[in-house]
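Comments concern the structure below.
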Amino acid sequence: FFLLNLSLLDLGSISTTVSKSLHNSLWNMRAISYLECATQAFSSFFFVSAEYYLLTVMAYDRYVAICRPLHYGTLLDSRACVKMAAAAWGSGFLNALLKTRNAFSLPCCKGNVVEQFFCEIPHTLKLSCSHSYLNEVRFLVVSACL
């Protein structure tokens with residue numbers, strides 16, 4: 001069950017950047033619009049953070065299987081596994097939502113086209129009119145809390 005969830009997250013994670021890369025190479029482009037950048041950043045944050053949370057859940061699953069094998073059936077029944085997987089997906093969504101909102105709520109004054117196929121938060125912070133140092137600190141604080 002957890003391996004199925006992990007493979008879905010891996011599939012989503014790789015399709016986030018590869019699809020835009022293929023599009024840009026077929027059309028001989030190198031830019032990404034601001035909306036596409038926000039969508040790509042949200043998707044990337046979502047899949048990667050949900051994968052980290054799911055790997056944590058999988059580590060707990062193995063811990064219970066090895067250290068408490070007689071209690072495994074009662075501690076990790078199918079309901080508990082579904083709840084933990086749903087919590088990993090939900091936490092990934094919340095993490096991605098907060099990080100994307102934090103990074104893309106700033107006004108742009110230097111144009112809204114990022115000159116690369118992959119959207120990175122430091123490049124988008126450079127497009128904003130406000131001080132990027134405070135936004136980077138806010139970004140790190142949100143990451144540390146989650």
Side-chain angles (χ1 to χ4, degrees), residues 1-27 29-106 108 112-128 130-146:
F1 175 72
F2 290 131
L3 288 176
L4 171 69
N5 281 283
L6 186 65
S7 64
L8 290 174
L9 288 171
D10 282 337
L11 182 67
S13 179
I14 196 66
S15 66
T16 299
T17 56
V18 170
S19 60
K20 185 62 180 172
S21 174
L22 288 173
H23 176 266
N24 285 353
S25 64
L26 287 174
W27 295 103
M29 295 173 52
R30 195 166 171 234
I32 185 170
S33 71
Y34 199 69
L35 181 61
E36 287 175 331
C37 184
T39 304
Q40 189 182 62
F42 175 80
S43 300
S44 179
F45 286 139
F46 169 66
F47 287 119
V48 170
S49 60
E51 186 172 340
Y52 288 150
Y53 294 133
L54 188 67
L55 287 172
T56 304
V57 167
M58 291 173 72
Y60 176 70
D61 174 62
R62 292 297 87 202
Y63 166 77
V64 172
I66 293 170
C67 295
R68 303 192 70 185
L70 298 177
H71 299 283
Y72 184 81
T74 56
L75 290 175
L76 291 174
D77 60 348
S78 61
R79 272 187 166 167
C81 290
V82 168
K83 286 180 184 178
M84 288 191 298
W89 284 81
S91 298
F93 180 80
L94 179 64
N95 184 17
L97 187 68
L98 290 175
K99 284 184 178 182
T100 306
R101 185 189 158 283
N102 185 23
F104 290 94
S105 63
L106 305 170
C108 292
N112 61 352
V113 175
V114 179
E115 292 295 329
Q116 57 189 27
F117 74 92
F118 183 69
C119 184
E120 294 177 328
I121 297 301
H123 290 289
T124 57
L125 291 178
K126 289 178 184 174
L127 295 176
S128 72
S130 61
H131 300 296
S132 63
Y133 175 74
L134 294 175
N135 295 321
E136 290 175 9
V137 169
R138 206 175 343 155
F139 184 75
L140 290 173
V141 167
V142 168
S143 297
C145 289
L146 292 174

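Scope of the values below: all heavy atoms of this structure, side chains included, with no hydrogens, waters or symmetry mates.
- Note that CZ of F1 and CG of L3 are 11.0 Å apart. Values are rounded to the nearest 0.5 Å.
- Judged as a ring-ring contact (aromatic ring centres under 6.0 Å, His included), the pairs with a partner in residues 67-99 (not counting sequence neighbours) are, in order, F42-F93, F46-W89.
- No more than 12 heavy atoms of other residues, nucleotides or ligands lie within 6.0 Å of CD1 in I14, so this atom counts as exposed by the packing criterion.
- With hydrogens and angles disregarded, no donor-acceptor distance shorter than 3.5 Å links the side chain of S13 to the backbone of L9.
- Side-chain contact between T39 and E36 is absent, with no heavy-atom pair separated by less than 4.5 Å.
- Among all heavy-atom pairs drawn from A41 and T100, the shortest one is C-OG1, 4.2 Å.
- Counting all heavy atoms, side chain and backbone alike, L54 lies closest to A88 at N-CB, 3.7 Å.
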For residues 75-82, run the donor-acceptor check on the side chains, cut-off 3.5 Å, and write out each pair with its distance to 0.1 Å, sequence neighbours left out.
from, atom 1, to, atom 2, distance (Å)
D77, OD1, A80, N, 3.1

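- To the nearest 0.5 angstrom, N5 atom CG is 11.0 Å from D10 atom CG.
- Summarising the geometry of G12 relative to S15, their closest heavy-atom pair is O-OG, 3.1 Å, with the distance given to 0.1 Å.
- The 12-atom threshold is exceeded at CZ of F2, counting heavy atoms of other residues, nucleotides or ligands nearer than 6.0 Å.
- Side-chain contact between Y52 and V48 is present, with at least one heavy-atom pair separated by less than 4.5 Å.
- Residue R101 holds its CZ atom at 8.5 Å from CG of L97, rounded to the nearest 0.5 Å.
- Taking T16 as the reference, Q40, S43, S44, F47 meet the side-chain contact (heavy atoms from CB on, under 4.5 Å) condition, with sequence neighbours excluded.
- V57 is not listed as a side-chain neighbour of D61, based on a closest heavy-atom distance of 4.5 Å or more.
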